Amino acid sequence: MRAIDVHVHPSTRGLDSQACHYFRRNLDDVPRTEEKFANLYIQQDVKALLIGWHPSTVREGTRNSNDHVIDLATKYPNAFAGVLASLDTGAPDLAEVEKEAEVLLKSPKVKGFKFHPPDQGFYPSDRRYYGIWEVLQAGGKPVMFHAGFTVLGANTDGGSGIALEYGRPIHLDTLARDFPRMKIIAAHPGWPWQEELIGVVSHKKNVYVDTSGYLAEQLPETFLKAIGGRLQDKALFGTDFPYVDLKKALVSFDKVDFKDTAKEKILFSNAQCLFNI
């Protein structure tokens, strides 16, 4: 296996037009059928973790869901290593969300969970959600949180109601302190708080980070230096596909001056160990 892509949105469901515009992504290049989507990863000898969350900004096309990504991972095991399930932090009864989390944890296809604090409108360190975090920590599967800037709502009036503050990395520092056995992944390099994120990942043993949303040579210089050096055991390859092209993302890693050992860890072995793949 060439790599494990830990940050993949299924291109078989409704896509975010704002994100596509931001990344200058030609939708004609995006595989929209299940077979073409799976074949892309098989041809590149990469396995993906599929995210079950659906952005609030996507209102056209069929909604993404946990059921959909679990179905894809079941049908195409050679392409998809499993899923990062979604939970509704805005639900009126969070006790029901805790029960849903317990059910999802039992699925072998569920390798972890994914949350998007800016779009879902919550602080990970808010104690209202600590019951959910208790369940997920006990379940032992990694939990990913969007960190930093988001293209959702970008360059729209009021950011379409989406606040970047929810994605500040420092909120994950509090979460990691209060739940030391929870494996936490910060999705993206955390820009414009990349140094804050580096500090959190360096300080908290149970916090990791992925490279998604960027080609490797586009990553902030301080972040690139950190994951190639002292944080090489805690960095994971992610694309944010379909918004970032898988082939280009793989090629970009050959352009960055990582040592072979660090490159192998980031592309493959760190994720293999963390997600038990």
Side-chain angles (χ1 to χ4, degrees), residues 1-17 19-20 23 25-55 58-88 97 99-116 136 139-144 146 185 187 210 212-213 236-250 267-277:
M1 196 188 312
R2 184 179 180 186
I4 297 171
D5 185 347
V6 304
H7 198 124
V8 179
H9 302 276
S11 56
T12 51
R13 291 293 171 98
L15 300 182
D16 189 287
S17 58
C20 290
F23 287 110
R25 193 76 159 105
N26 185 344
L27 289 178
D28 291 337
D29 297 333
V30 176
R32 304 306 296 270
T33 68
E34 294 181 2
E35 293 80 7
K36 289 182 179 180
F37 177 38
N39 284 337
L40 172 65
Y41 275 84
I42 291 171
Q43 289 167 5
Q44 294 300 316
D45 194 23
V46 176
K47 284 197 173 182
L49 288 175
L50 302 178
I51 294 172
W53 164 75
H54 186 83
V58 178
R59 300 182 178 91
E60 298 180 0
T62 308
R63 288 184 62 85
N64 187 26
S65 67
N66 291 329
D67 287 342
H68 178 60
V69 291
I70 290 173
D71 182 57
L72 287 175
T74 302
K75 287 182 181 177
Y76 305 98
N78 291 332
F80 309 129
V83 311
L84 301 181
S86 174
L87 294 169
D88 182 10
V97 178
K99 292 178 182 178
E100 182 183 0
E102 290 173 344
V103 172
L104 287 166
L105 281 164
K106 295 176 183 177
S107 170
K109 293 298 181 183
V110 174
K111 300 298 183 180
F113 293 79
K114 163 68 188 297
F115 295 89
H116 198 299
L136 297 186
K141 296 184 179 181
V143 185
M144 178 184 288
H146 176 98
I185 302 165
D210 79 22
S212 62
L236 310 163
F237 172 70
T239 58
D240 212 2
F241 184 88
Y243 307 112
V244 173
D245 183 79
L246 172 63
K247 296 178 184 178
K248 290 181 179 179
L250 290 167
L267 285 173
F268 180 72
S269 60
N270 287 345
Q272 182 188 40
C273 180
L274 185 63
F275 290 103
N276 194 27
I277 295 172

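These figures come from a predicted structure and were not determined experimentally. All values below come from the heavy atoms of this structure, side chains included, with hydrogens, waters and symmetry mates left out.
With sequence neighbours left out, the side chain to side chain donor-acceptor pair (under 3.5 Å) criterion links Y41 to D5. In this structure, the side chain to side chain contact (heavy atoms under 4.5 Å, CB included) partners of I277, at least two apart in sequence or on a different chain, are I4, L49, A81, F275.
Judged purely by distance below 3.5 Å, without hydrogens or angles, the side chains of R13 and H68 pair a donor atom with an acceptor atom.
When all heavy atoms of P142 and L274 are compared, the pair lying nearest together is CG-O, 3.6 Å. Shown here for V30 and P242, the closest heavy-atom pair between the two residues is CG1-CB, 3.7 Å. Across all their heavy atoms, T239 and V244 have their closest contact at O-CB, 3.0 Å.
Atoms CD and CD1, on E35 and I42 in that order, are 10.5 Å from each other to the nearest 0.5 Å. Once rounded to the nearest 0.5 Å, the distance linking OG of S212 with CD1 of I51 reads 7.5 Å. Going from atom CG of D88 over to atom CD of E100 covers 8.0 Å, rounded to the nearest 0.5 Å. The distance from the CG atom of N39 to the CD atom of E34 is 11.5 Å, given to the nearest 0.5 Å.
Of the possible donor and acceptor atoms, none in the side chain of D210 sits under 3.5 Å from a partner among the backbone N and O of A187. D240 places no side-chain N or O within 3.5 Å of a backbone atom of Y243 that could act as its donor or acceptor partner. Side-chain atoms of S11 come within 3.5 Å of backbone atoms of P31 as a donor-acceptor pair (strictly under, hydrogens ignored). With H54 contributing its side chain and N64 its backbone, the two residues share a donor-acceptor pair below 3.5 Å.
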Which is it for L250 and F237 under the side-chain contact (heavy atoms from CB on, under 4.5 Å) test, yes or no, and what are the steps along the way? CA-CA 9 Å; L250 290 167; F237 172 70; 3.9 Å; yes
